[in-house]
Amino acid sequence: MKTADSFKYFFRKYPFFRVGTILVSILAVLLVISFITYKSRKIPVIASVTPPIGSPGDIMIIYGENFGSVRTTSDYVEVGGSRITASGYILWQDNQIKIVLPSNVQDGLVIVATKAGKSKPGFFANEAGIPVEVPPDTKTTLPVITNASPSSQSIGKLVTITGTNFGTIRGGGKVYFSAGFKEQNPGQNSGEEESFIACSDDNFDFEYWSDSEIHVRVPEGAVSGQVYVQTEKGKSNFFPAEVKFSAGKKTYSSKKTYLIHAGTDIMDSGSKQNTAVTLRVPYPPVFAGQSAARLTECNPEPAFEHYQNTIIHQSLLPKTGDRVKRFEHSFVVEVYSVASSVNSKNVRPFSEKNRILYKNFTASDSLIKSDDEEIVQFAKKIIKKETNPYVQAKIIYDYMIDNFKISEKLRKNGADPKDLLKKEKGDAYDFAVMYTTLLRAVGIPAVPLGGILVDSEMQNKNHWWCEFYIENFGWFPVDVALGAGLEYKSFRPVENPKEFYFGNLDSQHIAFSRGFNELKPSIANSNVVYRDRTYALQSIWEESSDGNVNYSSLWNNPVVEGIY
């Protein structure tokens with residue numbers, strides 16, 4: 001019997017065969033329709049986000065494709081982990097979406113979601129958290145200084161600069177004082193920018209700015225000479241300014257210029273969905289002892305080159321082919337040796353306790369837990385009845401070196417620096433964090449620094465040290481670990497490390513962070529990676545999208561590729 005005849009025979013004779021045949025036919029049609037529908041589904045694609053930096057109430061335009069001609073109840077836009085509510089949508093077209101940024105908008109990823117799925121993310125930053133260039137004034141004349149009062153002032157003290165055309169708001173305006181670098185290194189070739197040092201936002205030097213008057217504190221590293229104001233219109237005239245050093249003075253010498261490379265590898269290990277990873281790469285800070293830091297090479301192009309003292313990379317990990325994504329960074333950093341001479345008799349307890357610098361650098365945070373009652377009592381027990389901040393800091397320094405043993409080997413990540421008080425042994429990280437904590441516990445402004453230490457054989461390792469603040473003097477450098485005998489080959493031999501590293505620092509210390517950088521997640525419910533005992537002190541190093549994420553990362557320690 002032929003196959004066609006057999007089929008007709010069974011189809012006529014058996015009802016179940018007829019029903020089954022019909023069901024199979026229907027199922028086949030449905031499968032074809034589903035396949036066609038699946039193939040026709042198009043994931044939304046973001047081409048650009050405008051503006052990438054904005055404020056609540058601004059209109060954001062998202063350009064791309066596959067958004068759909070109209071918005072349905074399942075379609076939405078998410079900014080910084082928060083969905084835009086229905087009232088926030090102005091326009092929804094297949095290649096363009098317009099929304100109003102809500103009042104609580106945060107930094108983070110921008111995602112468009114439809115029935116077809118989620119787009120690859122863009123990145124948005126709230127301009128309230130970053131310096132933004134101020135629109136130029138209608139005036140075209142340069143700033144002019146007519147007076148600076150008092151004419152003679154100490155480091156960290158207020159100077160009132162009066163004149164015209166400073167601008168109604170500061171924006172990117174700066175104030176520069178003659179710097180000690182050129183004065184103490186007359187044989188070195190330096191441009192005009194190295195002859196002056198800018199007042200620092202990190203030290204909260206700016207207190208008031210108007211078109212005719214500026215209140216600013218004499219910056220760390222300034223010497224007697226001149227002061228000028230820089231605005232977007234240009235430089236003002238130079239005006240005489242004398243700097244007093246009643247409590248002592250620091251000298252800067254033996255400048256070294258380092259070429260440093262830092263690399264990171266991220267590899268997808270089989271996530272069940274696209275993995276969006278945000279990297280926060282430390283950017284070396286600039287301060288008196290580290291006069292310049294420039295990013296000379298960055299691959300791939302970052303989302304933000306310098307935001308909250310980090311370089312921000314945002315990327316989707318590849319799902320096929322080579323799953324390793326490499327991030328490369330090269331920096332040029334200029335570092336001076338610092339030598340301190342303090343007249344301890346002229347050091348007084350901090351008088352300006354309402355000053356922002358004092359409040360900020362004596363406060364407790366997630367790393368420096370200076371309000372811990374056990375630590376407060378321990379610090380008071382060490383200093384006894386001493387009231388001179390400089391002498392207090394020296395007593396605590398001597399106590400740690402005499403009673404705690406330094407370990408060459410780093411302890412495991414997550415180890416509590418407070419263990420040092422009980423075990424009386426710790427690594428350089430423990431020593432730096434605990435010394436800073438003890439100083440803050442007795443009311444001395446102090447800050448930990450994280451970076452690398454370069455030895456005479458061009459080898460470098462992660463390292464941590466400190467600075468504390470003396471009124472009328474400025475920041476006083478201390479390396480407790482090296483003072484305690486941590487093994488290290490300096491370019492110039494140090495006969496007495498314990499004495500030398502209280503107040504002096506060689507130019508082989510390269511800082512990647514100054515203070516603990518408290519960063520906020522850019523995505524709601526994200527997976528955050530914190531890395532302690534590494535070359536920078538910051539709360540977030542990696543951030544990945546919420547969900548089933550499986551990836552690995554390798555952060556290589558910075559490598560010095562050249563010294564000039």
Side-chain angles (χ1 to χ4, degrees), residues 32-102 104-126 266 268 270-279 300-304 312-321 323 325 521-527 542-551:
V32 171
I33 293 172
S34 298
F35 179 76
I36 294 173
T37 303
Y38 174 78
K39 295 296 286 185
S40 65
R41 290 173 61 193
K42 294 182 178 180
I43 302 295
V45 176
I46 295 177
S48 65
V49 175
T50 303
I53 303 172
S55 300
D58 288 353
I59 295 176
M60 173 185 283
I61 305 176
I62 304 170
Y63 296 98
E65 57 185 4
N66 305 330
F67 300 151
S69 57
V70 294
R71 176 178 171 266
T72 68
T73 55
S74 61
D75 301 336
Y76 62 87
V77 172
E78 187 177 279
V79 180
S82 298
R83 292 189 183 185
I84 303 300
T85 58
S87 60
Y89 297 96
I90 299 175
L91 174 71
W92 189 293
Q93 296 178 344
D94 193 55
N95 61 354
Q96 184 182 134
I97 299 172
K98 289 184 181 181
I99 60 172
V100 178
L101 294 176
N104 63 342
V105 66
Q106 300 293 320
D107 301 337
L109 303 181
V110 178
I111 296 171
V112 175
T114 68
K115 291 181 179 179
K118 291 184 178 181
S119 68
K120 293 181 180 180
F123 197 85
F124 169 79
N126 189 330
I266 305 292
D268 192 298
S271 300
K272 295 182 179 180
Q273 60 186 41
N274 287 334
T275 304
V277 176
T278 300
L279 301 186
E301 197 75 19
F304 291 94
I312 296 182
H313 286 281
Q314 188 280 316
S315 179
L316 279 174
L317 298 183
K319 298 295 294 180
T320 59
R323 292 190 174 185
K325 191 154 189 177
S522 58
I523 315 170
N525 302 316
S526 61
N527 302 294
E542 304 163 24
E543 188 178 359
S544 59
S545 51
D546 188 22
N548 190 351
V549 175
N550 186 14
Y551 75 95

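Between the side chain of S119 and the backbone N or O of I46 there is no donor-acceptor pair closer than 3.5 Å. Looking only at distances, no side-chain donor or acceptor of Y63 sits under 3.5 Å from a matching main-chain atom of T50. Judged by distance alone, the side chain of N95 and the main-chain N or O of G64 form no donor-acceptor pair under 3.5 Å. Looking only at distances, a side-chain donor or acceptor of D107 sits under 3.5 Å from a matching main-chain atom of N126.
The shortest distance between side-chain heavy atoms of I312 and P302 does not fall below 4.5 Å. Looking at heavy atoms from C-beta onward, D58 lies out of side-chain contact with V105 at the 4.5 angstrom threshold. T278 has its side chain within reach of L109: a pair of non-hydrogen atoms, C-beta onward, lies under 4.5 Å apart. Counting only heavy atoms from C-beta outward, the side chains of I84 and V79 approach each other to under 4.5 Å.
Closest heavy-atom contact between P51 and F124: O-CD1, 3.7 Å. Taking each heavy atom of I43 and N66 in turn, the nearest pair found is O-ND2, 3.0 Å. Nearest heavy atoms, I99 versus Y89: CG2-CD2, 3.6 Å. Between P44 and F67, the shortest heavy-atom distance links the atoms CB-CD2, 3.9 Å. Residues E301 and H313 share a closest heavy-atom pair of O-ND1, 4.1 Å. Between S526 and E543 the shortest heavy-atom distance is OG-OE2, 2.9 Å.
Separation of atoms CZ (F123) and CD (Q314) is listed at 7.5 Å; rounding is to 0.5 Å. In this structure, CD1 in I97 is found 9.5 Å from CZ in R71, a value given to the nearest 0.5 Å.
In summary, the side chains of K325 and S315 do present a donor paired with an acceptor at a separation below 3.5 Å, with no hydrogens or angles considered.
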